[in-house]
Amino acid sequence: LSDVVGADHVRTDAASLQRYGQDALGIGHPPDLVLLPANTREIAAIARLCHEHRIPLVARGAGTGYTGGAVPTRGGVVVSMERLNRIIEIDEANLLAVVEPGVVTGDLQRAVESVGLFYPPDPASLETSSIGGNVAECAGGPRGFKYGNTRRYVLALEAVLPSGEVIETGSKAVKNVVGYDLTQLLVGSEGTLAIVTKVTLRLIPKPPVRATLMALFTDIQAAVDAVTGLIGRRIVPVTLELIDAEALIAVSAHVGREMAPSGTGAMLLVEVDGTQVAVDEEIDQVAHACRDVGAIRVVPAADDEERDRLWTTRRLISMALRSTGLLKINHDVVVPRGRVPELFSVLDELREEYRLKIVAFGHAGDGNIHVNLMIDPNDPDQRTRAKAAERVLFERVVALEGSISGEHGIGFAKAPYLPIELSPEEIALMKRVKGAFDPNGILNPGKIFP
Ligand SMILES: Cc1cc2nc3c(=O)[nH]c(=O)nc-3n(C[C@H](O)[C@H](O)[C@H](O)COP(=O)(O)OP(=O)(O)OC[C@H]3O[C@@H](n4cnc5c(N)ncnc54)[C@H](O)[C@@H]3O)c2cc1C
């Protein structure tokens, strides 16, 4: 393996093994070896050796995943994409970009925006996460309601199979119905089927204007009614971020001042984009939809500075929760939009029954709510209660016709819960697909399946 990548690109020191043995979940098993290949040929050679000798092989992007996806469960080799970080081509005529998997999402966005184009997927981790990791997790973000998640933008892939063969799926053409859609099968496959080495992404023209509005409500139901109202007006905002009272309290405590008047039960942050005429009309309609359901306060942003101020609360949530010193167990459950209030009722029940602090916020347009169980990591009783609450949460979400993960994936963290959502037949079929790609089971073992 050292011959394949060159000795300079092999890591075996304790600090590296520890670093590459964790992602944002914060737990995992260190690899035995970390390799930093430079190209597809080297990755193919690594895969061939691991396949032959049955060594676990785990692809890693930036390690910002929340489910332990990039972290070995039993040691083996981690192959990091950090040297495959070139934007190969921005094709303005065909509205697409060809990139290596290690390109940082935000860098790609800035590069395409500099020529008037737009790559919409915007995970909150975009300043660090990689396109390869976004593809493998099918990452989403606040703009998902209008623009969809990563899947919608992936046209073609180059990927290394666990046996070392290189495949090219899809094409640069925007239409393609030849055979099974292997491109979309690999999107969201969490590095368990193949290692992605090149990504062709669809781009769109950059919307010229956007407008932002913040509204406060007495409760979640009113905020969701506002969302329903504006969809009834046939408005599709870019973002529709919902923040609950617990999150508002946490941010207020963090910054040392009230982010919303007392009695506020929910905050909505709405952003629309498009031409000036459309944006003016739509933001006006959004304000009406909020007032119609009795919003306590409706604040449009007059300029970029005000927009930035309105986003402060949303931007500070993660930091505010971290500064509590509590462990944040983050879930990204999703329910049909109209059932979001029922989801919040479930959270109230869990708070009471399991005596837990639960903070929720997320993408109201998609029904994708980030539910954070906040526990004292040194209190085993709280851990046990959180574990029990987690299972009930997933069961209730599925009963609400939702899903246990909208964008973070399963990794090893949620693998035990897969049967709550998928039937034995579906799981068996997925395992046969996995076996067809990876007969020796070397690629990212211990992930997705219980
Ligand atoms: C502060 C914070 C905010 C976040 N916000 C969001 C959000 O808004 N929306 C969202 O969707 N996610 C969010 N995430 C989660 C995370 O950033 C995403 O899942 C992201 O897509 C992971 O990218 P990564 O490069 O860090 O991948 P990694 O964590 O390195 O890997 C993730 C998975 O992808 C696989 N993988 C990586 N590269 C490849 C490759 N080239 N080929 C095959 N498999 C590969 C790995 O094996 C692993 O299974 C957030 C995370 C943090 C820490």
Side-chain angles (χ1 to χ4, degrees), residues 23-27 61-71 105 121-126 128-129 133-145 147-151 187-190 220 224 239-244 246-247 250 269 314-315 317-318 321-322 327-337 339-340 342-344 346-347 350 356 358-375 386-387 389-418 420-422 447-448:
D23 64 2
L25 181 67
I27 47 173
T64 67
Y66 268 135
T67 56
V71 178
T105 316
D122 61 340
S125 52
L126 61 86
T128 40
S129 74
N134 292 174
V135 169
E137 297 289 3
C138 190
R143 295 200 284 237
F145 179 51
Y147 290 113
N149 49 21
T150 302
R151 183 179 300 291
V187 176
S189 66
E190 301 192 31
I220 294 287
V224 173
T239 55
L240 257 173
E241 292 292 284
L242 175 67
I243 299 163
D244 84 347
E246 289 286 345
L269 263 174
R314 174 65 181 87
R315 226 187 356 254
I317 295 176
S318 279
L321 297 185
R322 246 178 282 133
L327 177 67
K328 177 165 90 86
I329 305 175
N330 177 341
H331 295 302
D332 66 318
V333 296
V334 52
V335 294
R337 192 182 312 116
R339 307 198 77 167
V340 168
E342 289 172 80
L343 172 62
F344 276 88
V346 169
L347 300 186
L350 295 178
L356 289 170
I358 301 178
V359 179
F361 60 94
H363 319 311
D366 303 327
N368 188 190
I369 303 298
H370 296 281
V371 175
N372 298 275
L373 310 183
M374 306 294 298
I375 64 161
K387 222 44 222 148
E390 183 171 279
R391 175 168 284 280
V392 176
L393 170 67
F394 293 151
E395 286 168 354
R396 299 289 296 274
V397 158
V398 171
L400 290 172
E401 302 175 284
S403 171
I404 66 175
S405 177
E407 49 188 33
H408 294 165
I410 299 300
F412 65 76
K414 289 188 204 139
Y417 303 116
L418 205 69
I420 293 176
E421 185 165 335
L422 301 183
K447 307 298 166 65
I448 300 182

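- With a 4.5 Å cut-off on side-chain heavy atoms, V334 and I369 do not count as touching.
- F412 places a side-chain heavy atom less than 4.5 Å from the side chain of L25.
- Side chains of T64 and D23: a donor-acceptor N/O pair is absent below 3.5 angstrom, by distance only.
- For K414, the salt bridge (Lys or Arg N to Asp or Glu O under 4.0 Å) criterion is met by D332, not counting sequence neighbours.
- In plain terms, the two heavy atoms of A247 and A360 that are nearest each other are CB-O, 4.1 Å.
- Judged by distance alone, the side chains of N134 and T105 do bring a donor and an acceptor atom under 3.5 Å apart.
- Between L242 atom CG and T239 atom OG1 the span is 12.0 Å, to the nearest 0.5 Å.
- A side-chain donor-acceptor contact under 3.5 Å links R337 to the backbone of G365.
- Counting all heavy atoms, side chain and backbone alike, A413 lies closest to P416 at O-CD, 3.9 Å.
- With respect to Y417, the side chain to side chain donor-acceptor pair (under 3.5 Å) criterion is satisfied by exactly one of E395, E390, H331: E390.
- Within the 4.5 Å cutoff, the side chain of L400 has no heavy atoms near those of the V398 side chain.
- The shortest distance between side-chain heavy atoms of P142 and D122 falls below 4.5 Å.
- Ion pairing of E190 with K447 is absent here, as no side-chain N (NZ or NE/NH1/NH2) approaches a carboxylate O to less than 4.0 Å.
- Ring geometry for H363 versus H370: interplanar angle over 60°, hence perpendicular rather than tilted (30 to 60°).
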Apply side-chain contact (heavy atoms from CB on, under 4.5 Å) to N368 and E407, showing your working.
CA-CA 8 Å; N368 188 190; E407 49 188 33; 3.3 Å; yes
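- Scanning both residues, S129 and A62, for their nearest heavy atoms gives CA-CB, 3.8 Å.
- Annotation: the span from E342 atom CD to L347 atom CG amounts to 12.0 Å, rounded to 0.5 Å.
- Distance check: I410 CD1 to E137 CD gives 9.0 Å after rounding to the nearest 0.5 Å.
- For the residue pair A139 and T150, the shortest heavy atom distance occurs at O-OG1, 2.7 Å.
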Determine, stepwise, if the pair R339 / L343 fulfils side-chain contact (heavy atoms from CB on, under 4.5 Å).
CA-CA 6 Å; R339 307 198 77 167; L343 172 62; over 6 Å; no
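- Note that CG of L393 and CD1 of I420 are 9.0 Å apart. Values are rounded to the nearest 0.5 Å.
- Contact of the V359 side chain with the M374 side chain is registered, since non-hydrogen atoms from C-beta on lie closer than 4.5 Å.
- L269 contributes atom CG, which lies 10.0 Å from atom CZ of R315 (distance to the nearest 0.5 angstrom).
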Evaluate the criterion side-chain contact (heavy atoms from CB on, under 4.5 Å) for residue pair I329 and N372; output intermediate values, then yes/no.
CA-CA 5 Å; I329 305 175; N372 298 275; over 6 Å; no
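- Of the inter-residue distances, the one linking Y66 atom OH with K328 atom NZ reads 4.0 Å to the nearest 0.5 angstrom.
- Contacts classified as salt bridge (charged side-chain N to carboxylate O under 4.0 Å, His left out) and involving residues 359-370 (residues at least two apart or in different chains) are not found.
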